[in-house]
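Note: hydrogens, waters and symmetry copies are ignored here, and every other heavy atom, side chains too, is used.
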Amino acid sequence: MGIFSKDNSASTDADPLHIIIVGCGKVGHTLIAQLSREGDDITIIDESEQKISDITNQYDVMGIVGNGASYSVQKEAGIDDTDLLVAVTDSDELNLLCCTIATRIGKCSAIARVRNPEYSTEINYLRDRLGLAMIINPEMEAAMEVARILYLPSALEVNTFAHGEAQMIKFRVKEDSRIVGKAVHTVARESRNVLFTTVFHDGRAYIPNGDYIFSPGDTVSFVTSRHNGKNALKSLGVPTANVRDCMIIGGGKAAYYLAAQLIRESISVKIIERDQKRCEQLSSLLPNAIIINGDGTSADLLKEEGIETVDAFVPLTGIDEENILLTLHAKRVSEAKVVTKINRFAFQDVIDSLDLGSVVYPRIITSEAIIAYARAKRASMDSNIETLYHMYNDTVEAIEFRIGAPSAVTGVPLKDLKLRGHLMVSFISRDGTIIFPKGDDTIEVGDTVMIVTTHTGFSDIVDILA
């Protein structure tokens, strides 16, 4: 059932990076908060003096007011000694220009946020031709996360690892669940190819050992192989059903990306959008979708368009409050699977107390990819971070490492490794096969390994050792 450790542990040490962040909007602010916690040396650039003032008063970072694509501004920010520049302004073109200049005048890596669908098919070309480390599209990534949830509508979250060969699925234990009162080791025996990684109980996240007893209201995450998600949920007594149709409120970039993915999976899509010109664009871009020009916050219109019978409902407006109210309305009048997109973190305790179904945070998705890259850059060449997810209000991290060279953890049976506490080796991916490890299994060069831990800041596979 995986390799679990409960010994005490200490924090990791890694040399800090010098990072320049251009753009202090929602994603920039999230990055600053996360990377500051990880001990990196941050310099921020923004044209708004007020934003720079607010952030430098809140965090121990250096701020420069100016155009991030300016040679002189980047020089002032210390580009010559910078390890990583991240451009997350509201302009795709400015982000690309910032990164291009940085890689020409400095020796740093560069990451650009690019959201325009017109660039979505050219991301790999742009990245390679401009010499960038990464181009990330938050709306596309959020749409992919929503789509994964809708393919398994009984789940609260579905995250992928090992290039899609493994999934981590989150669900809530209901009062009448067949696993209530049973121990982890008992349920694991009854459910094939399922490894329980975390349990959120009474406001706290745990890495469960085999003796943990499931209770009603627990939020549980488990790992399984790509094709086993639906069967795993069934074996756990969680009802599963296919989504046949989806209603999306708002016709922005995320709605376009989501609709395109769902249509490819033969799921019928209806989009309600206020702006007539945008409706005409969507009709051209998505000829197989139904596009309704109207106010998606109108209860009468929603009823007329079939909210009471739709299988899935996804509010993707640009206003969090609208998305939340639409979700609560949908849950009151229908049995639809609902996924809520939230951009801001204001009143997080209130949001957590609401029954919003599955919640997707685009800026967290963006920051996690960038933080994973930054940690890998801090680490040795023995391993590299492939994937990073924060879970349960940042109290748990799920990290996938690629093993690039021999180290203290390779070739040694897991039972003989002295692991940190509150940590689980959840799977080993080897030559396309997912291995749920036992004590005699070993980590080898070329594997990818997923670690789930309540510690933060792991940047190298050897960080799992006590």
Enquirer: Any chance the rings of Tyr59 and His29 have centres within less than 6.0 Å?
Expert: yes
Enquirer: Any side-chain heavy atom of Ile21 sitting closer than 4.5 Å to one from Ile45?
Expert: no
Enquirer: Can a donor-acceptor pair be found, under 3.5 Å and without considering hydrogens, that links the side chain of Asp447 to the backbone of Ile443?
Expert: no
Enquirer: Do Tyr361 and Asn343 touch side chain to side chain, with heavy atoms closer than 4.5 Å?
Expert: no
Enquirer: Check the pair Glu368 / His390 against side-chain contact (heavy atoms from CB on, under 4.5 Å), numbers first and verdict last.
Expert: CA-CA 7 Å; Glu368 284 175 338; His390 287 95; 3.2 Å; yes
Enquirer: Starting at SG of Cys24, measure out to CD1 of Ile32 and round the result to the nearest 0.5 Å.
Expert: 4.5 Å
Enquirer: Do Ser109 and Tyr373 make a side-chain contact, defined as non-hydrogen atoms from C-beta onward lying under 4.5 Å apart?
Expert: yes
Enquirer: Is the shortest heavy-atom distance from the side chain of Ile149 to the side chain of Leu152 under 4.5 Å?
Expert: no
Enquirer: Would you check if Val114 and Leu96 make a side-chain contact, meaning some heavy-atom pair closer than 4.5 Å?
Expert: yes
Enquirer: Under 3.5 Å, is there a donor on one side chain and an acceptor on the other for Tyr119 and Asn137?
Expert: no
Enquirer: So, Asp46 side chain and Lys51 main chain: donor-acceptor pair closer than 3.5 Å or not?
Expert: no
Enquirer: When you measure from the side chain of Asn323 to the backbone of Thr340, do you find a donor-acceptor pair of N or O atoms at a distance under 3.5 Å?
Expert: no
Enquirer: Does a side chain donor of either Asn95 or Thr89 reach within less than 3.5 Å of an acceptor in the other side chain?
Expert: yes
Enquirer: For Glu49, does the CD atom sit with more than 12 other heavy atoms under 6.0 Å from it, leaving out its own atoms?
Expert: no
Enquirer: Does the side chain of Thr30 come under 3.5 Å of the side chain of Arg363 through a donor N or O and an acceptor N or O?
Expert: yes
Enquirer: Measure from the side-chain N and O atoms of Asp218 to the backbone N and O of Val173, and report whether any donor-acceptor pair falls under 3.5 Å.
Expert: no
Enquirer: Report the C-alpha separation of Val359 and Leu156 in whole Å, then their side-chain angles, then the decisive distance to 0.1 Å, and conclude whether the side-chain contact (heavy atoms from CB on, under 4.5 Å) test is met.
Expert: CA-CA 8 Å; Val359 180; Leu156 290 174; over 6 Å; no
Enquirer: Do the side chains of Tyr151 and Val243 get nearer than 4.5 Å, heavy atoms only?
Expert: no
Enquirer: Which residue, Asp92, Leu132, Ile135, forms the side chain to side chain contact (heavy atoms under 4.5 Å, CB included) with Leu126?
Expert: Ile135
Enquirer: Answer yes or no: is there a donor N or O on one side and an acceptor on the other, between the side chain of Ser53 and the main chain of Gln50, under 3.5 Å?
Expert: no
Enquirer: Test Ser221 against every option in Val396, Thr197, Val199, Val452 by the side chain to side chain contact (heavy atoms under 4.5 Å, CB included) rule and name the one that passes.
Expert: Thr197
Enquirer: Looking at residues at least two apart in the chain, or sitting in another chain, which of them share a salt bridge (charged side-chain N to carboxylate O under 4.0 Å, His left out) with Glu141?
Expert: none
Enquirer: So do the side chains of Ile451 and Phe401 get within less than 4.5 Å of each other, counting heavy atoms only?
Expert: yes
Enquirer: Answer yes when Lys26 and Asp90 have at least one side-chain N-carboxylate O distance shorter than 4.0 Å, and no when they do not.
Expert: no
Enquirer: For the atom pair CG (Leu417) and CD1 (Ile464), what is the distance rounded to the nearest 0.5 Å?
Expert: 6.0 Å
Enquirer: A quick test of your reading: do over 12 heavy atoms of other residues, nucleotides or ligands sit less than 6.0 Å from CG of Asn57?
Expert: yes
Enquirer: Is Glu145 salt-bridged to Lys341, going by a charged N under 4.0 Å from an acidic O?
Expert: no
Enquirer: What are the two closest non-hydrogen atoms of Leu326 and Thr297, and how far apart are they?
Expert: CD2-CA, 4.0 Å
Enquirer: Can you give me the closest heavy-atom contact between Gly131 and Thr103, atom names plus distance?
Expert: O-CG2, 3.9 Å
Enquirer: How far apart are the closest heavy atoms of Cys99 and Ala112, and which atoms are they?
Expert: SG-CB, 3.7 Å
Enquirer: Should the pair His455 and Phe458 be assigned to parallel (<30°), tilted (30 to 60°) or perpendicular (>60°) ring geometry?
Expert: parallel
Enquirer: Main chain of Lys174, side chain of Ser177: is a donor-acceptor contact present, judged purely on distance under 3.5 Å?
Expert: no
Enquirer: Would you name the heavy atoms of Thr442 and Pro413 that are closest together and state the gap between them?
Expert: CG2-N, 3.5 Å
Enquirer: Looking only at side-chain N and O atoms, does Tyr256 offer a donor or acceptor that is under 3.5 Å from a partner on Gln261?
Expert: no
Enquirer: Can you tell me if CZ on Arg172 sees more than 12 non-hydrogen neighbours from other groups inside 6.0 Å?
Expert: no
Enquirer: Which heavy atom in Pro138 sits nearest to a heavy atom in Arg115, and how many Å separate them?
Expert: CD-CG, 3.7 Å
Enquirer: Looking at CG of Leu414 and CD1 of Ile428, how far apart are the two atoms once the value is rounded to the nearest 0.5 Å?
Expert: 5.0 Å
Enquirer: Under 3.5 Å, side chain of Asp83 to main-chain N/O of Leu17, donor-acceptor pair present?
Expert: no
Enquirer: Check whether any side-chain heavy atom of Phe427 sits under 4.5 Å from a side-chain heavy atom of Val449, and report yes or no.
Expert: no
Enquirer: Does Ser191 reach the main-chain N or O of Ala188 with its side chain, forming a donor-acceptor pair under 3.5 Å?
Expert: no
Enquirer: Using the side-chain contact (heavy atoms from CB on, under 4.5 Å) rule, take Val339 and Phe313 through it: C-alpha gap first, then chi angles, then the decisive distance, then the call.
Expert: CA-CA 7 Å; Val339 185; Phe313 182 84; over 6 Å; no
Enquirer: Work out which heavy atom in Ile20 is nearest to a heavy atom in Gly78; give both atom names and the distance.
Expert: CD1-C, 4.4 Å
Enquirer: Checking the side chain of Gln74 only, and the main-chain atoms of Gly68 only, is there a donor and an acceptor separated by less than 3.5 Å?
Expert: yes
Enquirer: If you round to the nearest 0.5 Å, how far is CD1 of Ile364 from CG of Asp394?
Expert: 6.5 Å
Enquirer: Would Tyr392 and Tyr206 count as a close aromatic pair, with their ring centres under 6.0 Å?
Expert: no
Enquirer: So, the side chain of Thr43 versus the backbone of Met62: is there a donor-acceptor pair under 3.5 Å, distance only?
Expert: no
Enquirer: Side-chain donor-acceptor pairs under 3.5 Å in residues 162-171, sequence neighbours left out?
Expert:
{"from": "Lys170", "atom 1": "NZ", "to": "Glu157", "atom 2": "OE2", "distance (Å)": "3.2"}

Enquirer: With rounding to the nearest 0.5 Å, note down the distance linking CD1 in Ile385 to CD in Glu400.
Expert: 10.5 Å
Enquirer: Any chance you could measure Asn116, atom CG, to Met140, atom CE, to the nearest 0.5 Å?
Expert: 10.5 Å
Enquirer: How about CD on Glu444, more than 12 heavy atoms from neighbouring residues, nucleotides or ligands closer than 6.0 Å, or not?
Expert: yes
Enquirer: With ring centroids as reference points, do Tyr212 and Phe196 lie under 6.0 angstrom apart?
Expert: no
Enquirer: State plainly whether the residues Arg430 and Asp441 are in salt-bridge range, i.e. N to O under 4.0 Å.
Expert: no
